[in-house]
2 protein chains.
Amino acid sequence: MRQIAERASVSIGTVSHVVNGTAPVRPKLRERVLEVIRNLGFQPSALAQGLRTNRTRMIGMIIPDITNPFFPGLVRGAEDVAFKHSYRVILCNTDNDPAKESLYFNELRSYRAAGLLIIPAAGSDIASSLKPGTAGIPPVVCIDRRPDGWTGDSVVVANELGAYRATQHLIQSGHRHIAVITGPSLLANSVERLKGFRKALKEANLPLPAEFVQEAVFDTRSGFQAARRLLRMLPRPTAIFACNDLMALGVLHAIHELDLRCPEEISLVGFDDLEFCEYTSPALTSVYQPSYQLGATAANLLLERIKGRKGSPKRLVLDTELKLRNSVLPLEHSSWSVSRMPRTARKSPRKVAAAR
Amino acid sequence: MRQIAERASVSIGTVSHVVNGTAPVRPKLRERVLEVIRNLGFQPSALAQGLRTNRTRMIGMIIPDITNPFFPGLVRGAEDVAFKHSYRVILCNTDNDPAKESLYFNELRSYRAAGLLIIPAAGSDIASSLKPGTAGIPPVVCIDRRPDGWTGDSVVVANELGAYRATQHLIQSGHRHIAVITGPSLLANSVERLKGFRKALKEANLPLPAEFVQEAVFDTRSGFQAARRLLRMLPRPTAIFACNDLMALGVLHAIHELDLRCPEEISLVGFDDLEFCEYTSPALTSVYQPSYQLGATAANLLLERIKGRKGSPKRLVLDTELKLRNSVLPLEHSSWSVSRMPRTARKSPRKVAAAR
DNA sequence: TTGTAGGCGTTATCAT
DNA sequence: ATGATAACGCCTACAA
């Protein structure tokens, strides 16, 4: 800026004023300054600005793993609204490691990030990082999972209800022997989904043998392994509820491997409704989570806080929606319309499919 | 730091020394300072540090869209090596919009990012942003695509060779009527893949009717539409090479919609080898791109530059690998082993599949 | 409408 | 081994 001031023969303060529009500057001078700025390709130092004003336009986003297809949409949602407000996003992958999480947390504090968006790691202890006493902690919004003891803003999805509905769907389709593949028991959302599953079963007075509850870790491989165990049992369940789509994909794989047919011999419902659900075969019935909205909503919440909203924390809960596709076989007809039946059970399945 | 200095009754310079280990400090003092630091939850301001030292540990990463499943792995690769060297990544999505790209570019300059990792937007003009004259431009490494006029470091994939091999595979499987669905003609990698495709056809003296080259935009929907056009032609191609997997997915969808069977009636090869390839039906034969390596390699290259390596630009080219699965039907047996044949063509397909 | 100057939180140089 | 102090680049009263 000094250099610019010299070349345009004005004071350094004036340069600042034309850059920020913080005071009226005579057009002639203004132009001269702008011209020099263009020539020099000057970019004001965000570092110096941040230091001086004590606020930055960076938002830290801490997530488990961008490689998990559930997260990119969420990140994108957050980034889009951040962008709209001229904020930028620093992305941090924790691999669900609380140590890495707290490392990132402190670093982002170091960068004086204006706010933090956190999808807590399994077993996260960030709640304790926010204890009063330490100053200079930016606003934080938790997304997707609410860690133990978290009392701040958060936006999550109605996991229990979603799982409940998915299970109900299976039950209404006539299934009586339904197994579940859960995620890590450390994850709040995993636990909630299991709860919803159990609730639906209980309401229908259906038994749940202990071995029909298999724990996996929300990835395809572990879902595959869990499914293998399930599919070899006698009597075999006629339907499986996988607590996320990645595991459901593993189930599909196991079904094929064991020479079974889906949905004829085994029905399947997933959770997340990732894009690939439309393209698996059979297309996977799944519980849609508004992941983009999750990220966008959280970012909006955070921006409010950054702008100074006080008051009690908001705990937003977004709704899910069961997307019906072809991985569930109705065992009884009951109230089901033909169009919802899987292709192989229809008179002229291919024509119907083509007409969709 | 002033506060800490006071509470520990030392000078502010000493505090700096214990924080950075930049000069020996008597253990007793050291401990005292550390204690205060812990109590106060002090985090040095990266802003002030950056301002003072004129370097930061932030790497800007500009990509088209994190929501495209090809990019998360790449980003993760870059982030992992950055992390190992204590650098952090600022993620920016351009949506392939050159304007947004150049906006981000300037902002990252403003943040005094130590270096930039860029996957250029289609039609990118960043090459021109780097013209000498403007000072304070950090090292830049281009990934995946090399924009027009780019002379700096870059790491890309052997697109032409990959496409060439994929096409050869189709030809060797006996196909004579092969169509291609290309990506945007603005994208260097898209053009290269088409080139490889053409080369293989030419070498085999196979004709390529103009209408057998359909342009789409690297997403599922456009791939679907292009496939529809292709599949309604008479004579219909017996094989399609889709220049990326997302489009291949669209092709698969179109095949099902039109009541055709893959690979019996139409063979298909994709490009990228995204995770879902294993789980589509049939499992998709595709050209594997080492996306994680792409990101990691680029980050390493960038870090070298940041550490001061001079000298001529490196243009790294990573190799691809054709992953054989079940979406290609051998029309002639030639040298093909039974195990590579699609399930439906085998005597006891399910057993074989299960044994895999 | 424009200029002056102090200070944001560090690091680094130079004394002590 | 420790302390004092001058930048780093910018913003912002305040003075002119």
Side-chain angles (χ1 to χ4, degrees), chain A residues 1-34 36-37 40-58 86 106-114 134-138, chain B residues 1-34 36-37 40-58 86 106-114 134-138:
Chain A
M1 272 178 71
R2 188 167 14 98
Q3 200 183 140
I4 293 169
E6 283 166 13
R7 294 215 198 186
S9 356
V10 294
S11 86
I12 191 172
T14 305
V15 176
S16 177
H17 283 140
V18 349
V19 168
N20 301 302
T22 172
V25 173
R26 224 179 319 162
K28 206 170 162 183
L29 267 196
R30 235 182 86 79
E31 234 355 282
R32 216 162 68 203
V33 173
L34 254 20
V36 179
I37 286 182
L40 263 50
F42 165 78
Q43 287 289 137
S45 162
L47 297 173
Q49 290 176 319
L51 181 59
R52 175 59 232 250
T53 61
N54 200 28
R55 51 208 166 71
T56 69
R57 304 188 81 82
M58 296 187 281
S86 317
N106 284 323
E107 284 210 347
L108 289 170
R109 226 146 64 75
S110 204
Y111 282 118
R112 303 298 186 254
T134 34
I137 295 204
Chain B
M1 272 176 72
R2 187 166 17 94
Q3 199 183 145
I4 292 170
E6 283 166 14
R7 293 213 198 187
S9 356
V10 295
S11 86
I12 190 171
T14 304
V15 176
S16 176
H17 282 138
V18 347
V19 168
N20 301 302
T22 173
V25 174
R26 222 178 320 158
K28 208 169 157 183
L29 267 196
R30 234 183 88 79
E31 233 357 279
R32 217 162 69 202
V33 173
L34 253 20
V36 178
I37 286 182
L40 264 51
F42 166 78
Q43 287 290 136
S45 161
L47 297 171
Q49 289 176 320
L51 180 59
R52 178 59 232 247
T53 62
N54 200 27
R55 49 204 168 74
T56 69
R57 303 187 81 82
M58 297 186 280
S86 316
N106 283 323
E107 284 211 347
L108 290 169
R109 226 146 63 74
S110 203
Y111 282 118
R112 303 301 187 252
T134 35
I137 294 205

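Treat the numbers as computed from the prediction; the structure is a model and nothing was measured. So that the names make sense, note that chain A is the first sequence line, chain B the second, and so on, each numbered from 1.
Set against D/dC10, D/dG3, C/dG9, the side chain of A/Ser45 has D/dC10 as its closest nucleotide. For A/Ser11, taking side-chain heavy atoms from C-beta onward, the closest of the listed nucleotides D/dA4, C/dG3, C/dT10 is C/dG3.
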side-chain contact (heavy atoms from CB on, under 4.5 Å) assessment of A/Val19 paired with A/Ser16: CA-CA 5 Å; A/Val19 168; A/Ser16 177; 5.7 Å; no
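Residue contacts shown for B/Leu47 are absent, as no nucleic acid heavy atom lies under 4.0 Å away. When heavy atoms are screened at a 4.0 angstrom cut-off, A/Val19 is found touching no nucleic acid atom at all. Within the 4.0 angstrom heavy-atom criterion, only backbone atoms of the sugar-phosphate kind lie near A/Asn20; the bases stay farther away.
Residue-to-nucleotide proximity on DNA chain D shows that, of A/Thr22 and B/Gly13, the 5′-proximal contact is made by B/Gly13.
Among A/Thr14, A/Val25, A/Val10, the single residue meeting the side chain to side chain contact (heavy atoms under 4.5 Å, CB included) criterion with A/Arg32 is A/Val10.
Looking at A/Ser110, its side chain does come within 3.5 Å of a backbone N or O of B/Pro44 through a donor-acceptor pair. Looking only at distances, a side-chain donor or acceptor of A/Arg109 sits under 3.5 Å from a matching main-chain atom of B/Gly41.
Atoms CG (A/Leu40) and P (D/dG9) sit 13 Å apart, rounded to a whole Å. Atom C1' of nucleotide C/dG9 and atom CD of A/Gln49 are separated by 16 Å, given to the nearest angstrom. Rounded to whole Å, atom P of C/dT4 lies 13 Å from atom NE2 of A/His17. Between A/Glu31 atom CD and C/dT1 atom P the separation is 16 Å, expressed in whole Å. Spacing between atom CG of B/Asn54 and atom P of C/dT10 amounts to 17 Å, rounded to whole angstrom units. Put simply, OH on B/Tyr111 is 15 Å from C1' on D/dC10, counting in whole angstrom units.
Stem analysis of DNA chain C (Watson-Crick or G-U pairs, both distances under 3.5 Å, runs of at least three) returns C:1-16 with D:1-16.
For B/Glu6, the salt bridge (charged side-chain N to carboxylate O under 4.0 Å, His left out) test picks out no residue, with sequence neighbours left out.
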Restricting to nitrogen or oxygen on both sides, can you table the protein-nucleotides 6-8 of chain D pairs closer than 3.5 Å?
{"unit_1": "D/dA7", "atom_1": "N3", "unit_2": "B/Arg52", "atom_2": "NH1", "d": "3.4"}

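Heavy-atom neighbours of B/Arg7 CZ from other residues, nucleotides or ligands within 6.0 Å: at or below the threshold of 12. Within a 6.0 Å radius of CZ in A/Arg30, other residues, nucleotides and ligands contribute 12 heavy atoms or fewer.
The shortest distance between the side-chain N/O atoms of A/Thr14 and the OP1/OP2 oxygens of C/dG3 is below 4.0 Å.
Note that CD of B/Gln49 and CG of B/Leu51 are 11.0 Å apart. Values are rounded to the nearest 0.5 Å.
Looking at A/Tyr111 and B/Gln43, their side chains never come closer than 4.5 Å, going by heavy atoms from C-beta outward.
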